[in-house]
Amino acid sequence: MSSATTPTKTPCAICAYPASKRCAGCQQVSYCSKEHQKDGWFKHKKLCKIYQQQNPPSPDTYCGLCGATSNLTKTECCNHAICDDNHKYQPFTYSNISCSRNHHRYTLCSYHFRESHDPNVKWQDCKKCEESFRNKEDYVGKGTSSFNFKHDIWANPPTFEGSKCITCGKGIKMGSEPHSYAPGGGLCCVGCMMVGRP
């Protein structure tokens, strides 16, 4: 699980911030830090081996998010093979163990489909999708995270200004750090959320 320097600023697969590192094995996935590469390794390790093969198997034979080859189903939104694993998620844990749930809840691909946006417009180009998000970082994150399929790479995602806590001004990476929306709008970091709690 080593990394190579990325020549261009592609988005990190975990947080959507500019990535300077790329998986040294497959050269297919980018990260902004060793920490995020380590966070993504559990799901990426099987895919990494698949991506390195001279003659990789058909994408219909493995989950495009983790590389598993059994208990597969198809996504409703894009008809890609994915783990049939919704049962693995335990409510209120916010775990990302379920490939199926992650793609369904945390991608623009699925959002575009669930909201019945124009099926003739790709989610990458859908203005309705873009206008639906109050935070551009959240929007870009849902289009570039590791919960998306390699086949749906967003070639030129929009840039965004990093989010900050409205109370203390600390930077918040929405795709990887705990936060909440403040009552009047804006984001609150975990430290400020805890202030005043017993």
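Scope of the values below: all heavy atoms of this structure, side chains included, with no hydrogens, waters or symmetry mates.
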Next on the checklist: In the structure I gave you, are the side-chain heavy atoms of L108 and F113 within less than 4.5 Å of one another anywhere?
Outcome noted: no

Next on the checklist: Considering only residues two or more places apart or on different chains, which pairs with a residue in residues 75-85 satisfy side chain to side chain donor-acceptor pair (under 3.5 Å)?
Outcome noted: H80-D152, D85-S98

Next on the checklist: Side-chain heavy atoms under 4.5 Å apart, restricted to Ile/Leu/Val/Met/Phe/Trp/Tyr: what other residues fall into the cluster of F42, or is it alone?
Outcome noted: none

Next on the checklist: With side chain to side chain contact (heavy atoms under 4.5 Å, CB included) as the criterion, how do T10 and Y31 come out once you've worked through the C-alpha distance, each side chain's angles and the decisive distance to 0.1 Å?
Outcome noted: CA-CA 8 Å; T10 55; Y31 302 96; over 6 Å; no

Checklist entry - Taking the side chain as C-beta and beyond, is there a heavy-atom pair between C192 and C165 under 4.5 Å? => result yes

Checklist outcome for this item: Closest non-hydrogen atoms of I14 and S146, given as atom of the first, atom of the second and distance, are CD1-OG, 4.4 Å

Checklist entry - Which salt bridge (Lys or Arg N to Asp or Glu O under 4.0 Å) pairs, counting each pair once, include a residue from residues 53-64, with sequence neighbours left out? => result D60-K74

Next on the checklist: Quick check for you: to the nearest 0.5 Å, what is the distance between I172 atom CD1 and L187 atom CG?
Outcome noted: 5.0 Å

Item to check | Residues forming a salt bridge (charged side-chain N to carboxylate O under 4.0 Å, His left out) with D138, sequence neighbours excluded | outcome: K142

Item to check | Any C168 side-chain heavy atom under 4.5 Å of C189 side chain | outcome: yes

Checklist outcome for this item: All heavy atoms of A16 vs all of P11, minimum pair found to be O-CB, 3.7 Å

Next on the checklist: Looking at every non-hydrogen atom in both residues, tell me the closest pair between A19 and S30 and how far apart they are.
Outcome noted: CB-CB, 3.6 Å

Next on the checklist: Looking at every heavy atom in both L72 and C63, which two are closest together, and how far apart are they?
Outcome noted: CD2-N, 3.7 Å

Item to check | Qualifying salt bridge (Lys or Arg N to Asp or Glu O under 4.0 Å) pairs, either residue in residues 96-105, two or more places apart | outcome: none

Next on the checklist: Checking the side chain of T61 only, and the main-chain atoms of S58 only, is there a donor and an acceptor separated by less than 3.5 Å?
Outcome noted: yes

Checklist entry - Can you find a heavy atom in the side chain of C32 that is under 4.5 Å from one in the side chain of C15? => result yes

Item to check | Sub-6.0 Å ring centroid separation between Y139 and W154 | outcome: yes

Checklist outcome for this item: Closest heavy-atom pair, C83 versus T73, reported as atoms and distance to 0.1 Å, is O-CG2, 4.1 Å

Checklist entry - Can you tell if the side chain of H44 reaches within under 4.5 Å of the side chain of V29, non-hydrogen atoms only? => result yes

Next on the checklist: Taking the side chain as everything from C-beta on, heavy atoms only, tell me whether H103 gets closer than 4.5 Å to C78.
Outcome noted: yes

Checklist entry - Counting distance only, does the side-chain N/O of K128 pair as donor-acceptor with the main-chain N or O of H112 below 3.5 Å? => result no

Next on the checklist: Filter on ring pair (Phe, Tyr, Trp, His ring centres under 6.0 Å), then keep only pairs touching residues 155-188, sequence neighbours left out; what's left?
Outcome noted: Y17-F160

Next on the checklist: Suppose the criterion is salt bridge (Lys or Arg N to Asp or Glu O under 4.0 Å): which pairs have a residue in residues 178-193, not counting sequence neighbours?
Outcome noted: none

Checklist entry - Using links of under 4.5 Å between side-chain heavy atoms of ILVMFWY residues, direct or through other members, which residues join L65 in one cluster? => result I82, F149

Item to check | Nearest heavy-atom neighbours spanning Q37 and C23 | outcome: NE2-CA, 3.9 Å

Checklist entry - Within a radius of less than 6.0 Å around CD of Q53, do more than 12 heavy atoms belonging to other residues, nucleotides or ligands occur? => result yes

Checklist entry - Would you say the side chains of Y89 and S95 form a donor-acceptor pair under 3.5 Å? => result no

Item to check | For L47, the rest of its hydrophobic cluster, which grows through side-chain links under 4.5 angstrom | outcome: I50, Y51, Y62

Checklist entry - How many angstroms lie between atom OG of S100 and atom CG of N71, to the nearest 0.5 angstrom? => result 12.0 Å

Checklist outcome for this item: By side chain to side chain contact (heavy atoms under 4.5 Å, CB included), K46 pairs with (sequence neighbours left out) none

Next on the checklist: Does anything in residues 159-172 form a side chain to side chain donor-acceptor pair (under 3.5 Å)? List the pairs, not counting sequence neighbours.
Outcome noted: N135-S163, E137-S163

Checklist entry - Which salt bridge (Lys or Arg N to Asp or Glu O under 4.0 Å) pairs, counting each pair once, include a residue from residues 114-127, with sequence neighbours left out? => result K127-E130

Checklist entry - To the nearest 0.5 Å, how far apart are CD in E35 and NZ in K38? => result 9.0 Å

Checklist entry - So, do H36 and S33 sit near enough that their side-chain heavy atoms are less than 4.5 Å apart? => result yes

Checklist entry - Going hydrophobic residue to hydrophobic residue with side-chain gaps under 4.5 angstrom, can you get from Y111 over to V140? => result yes

